[in-house]
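Report on one structure; see the data block that follows.
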Amino acid sequence: MIENLERMLGGPRDGPLLRFSLGTEYLKAGNPARAADYFRDAIARDPNYSAAHKGLGKALAEAGEREAAIAAYHEGIAIAEARGDIQAAREMKVFARRLEKQT
């Protein structure tokens, strides 16, 4: 799956969704650092993509970067709330609180 998605990079379908999909697949494959790179790419292409912020937070948490994950979640919460994406904001609040309790 990753190979197929990576072949689309730089093509007409390259955009936030493709980068988000690659991040998701790398996370599933156990490579959170590479996943974080793709989630950051998705956010660079669409700063209001709340799902990419959530994915970035998860990838950073799995990579052991708690503080960066908390920051990613907080940024994502603000964006999700501004867009009215209440469910995403709630989920990220829960994830951020869990990480904050660990630190």
Point to revise | CD on E75 to NE2 on H53, rounded to 0.5 Å | key: 5.0 Å

Practice item. Indicate yes or no for a side-chain donor-acceptor contact from Y73 to the backbone of K58 under 3.5 Å, with no hydrogens or angles considered. Key: yes

**Study point:** Heavy-atom pair with the smallest gap, counting every atom of A29 and I2
**Key:** CB-CD1, 4.1 Å

**Study point:** CZ on R19 to CG on L5, rounded to 0.5 Å
**Key:** 11.0 Å

Review point. Should L60 and E67 count as side-chain neighbours, where that means a heavy-atom distance under 4.5 Å?
Key: no

Exercise for review: Apply the test side-chain contact (heavy atoms from CB on, under 4.5 Å) to residues F20 and D46: give CA-CA distance (whole Å), side-chain angles for both, the deciding distance (0.1 Å), then the verdict.
Suggested key: CA-CA 10 Å; F20 174 80; D46 181 0; over 6 Å; no

Point to revise | Non-hydrogen side-chain atoms of K93 and E81 separated by less than 4.5 Å | key: yes

Check your understanding: Rounded to the nearest 0.5 Å, how far apart are CD of E6 and CG of L18?
Key -> 9.0 Å

Practice item. Locate the shortest heavy-atom distance separating R7 from N4; write the atom from each residue and the value. Key: NH1-OD1, 3.0 Å

Revision key, fill the gap. Note: A36 and A59 closest approach over all heavy atoms is N-CB, 3.8 Å

Review point. What's the spacing between E91 CD and I86 CD1 if we round to 0.5 Å?
Key: 12.0 Å

Check your understanding: Is the closest basic N to carboxylate O distance between E100 and R97 below 4.0 Å?
Key -> no

Review point. Between A69 and G57, which heavy-atom pair has the shortest distance, and what is it?
Key: CB-O, 3.3 Å

Point to revise | Side-chain touch D85/I79, heavy atoms, less than 4.5 angstrom | key: no

Exercise for review: Could you state whether Y38 and I43 fall into the same hydrophobic cluster, counting links through intermediate Ile, Leu, Val, Met, Phe, Trp or Tyr residues with side-chain heavy atoms under 4.5 angstrom apart?
Suggested key: no

Point to revise | R83 side, atom CZ; N48 side, atom CG - distance, nearest 0.5 Å | key: 6.0 Å

Review point. For atom CD of E3, is the number of surrounding heavy atoms from other residues, nucleotides or ligands below 6.0 Å larger than 12?
Key: no

Practice item. List the atom of P16, the atom of A42, and the distance in Å for their closest heavy-atom pair. Key: O-CB, 3.5 Å

Check your understanding: In the single-linkage hydrophobic clustering (I, L, V, M, F, W, Y; side-chain heavy atoms under 4.5 Å), do L9 and M1 co-cluster?
Key -> yes

Exercise for review: Determine whether F39 and L22 fall in the same hydrophobic cluster, where Ile, Leu, Val, Met, Phe, Trp and Tyr are linked whenever their side-chain heavy atoms lie under 4.5 Å apart.
Suggested key: no

Point to revise | side-chain contact (heavy atoms from CB on, under 4.5 Å) against R13, all qualifying residues, sequence neighbours excluded | key: M8

Point to revise | Between OG1 on residue T24 and OH on residue Y26, distance to nearest 0.5 Å | key: 12.5 Å

Practice item. Answer with yes or no whether the hydrophobic clustering places L99 together with M92; edges join I, L, V, M, F, W, Y residues whose side-chain heavy atoms lie under 4.5 Å apart. Key: yes

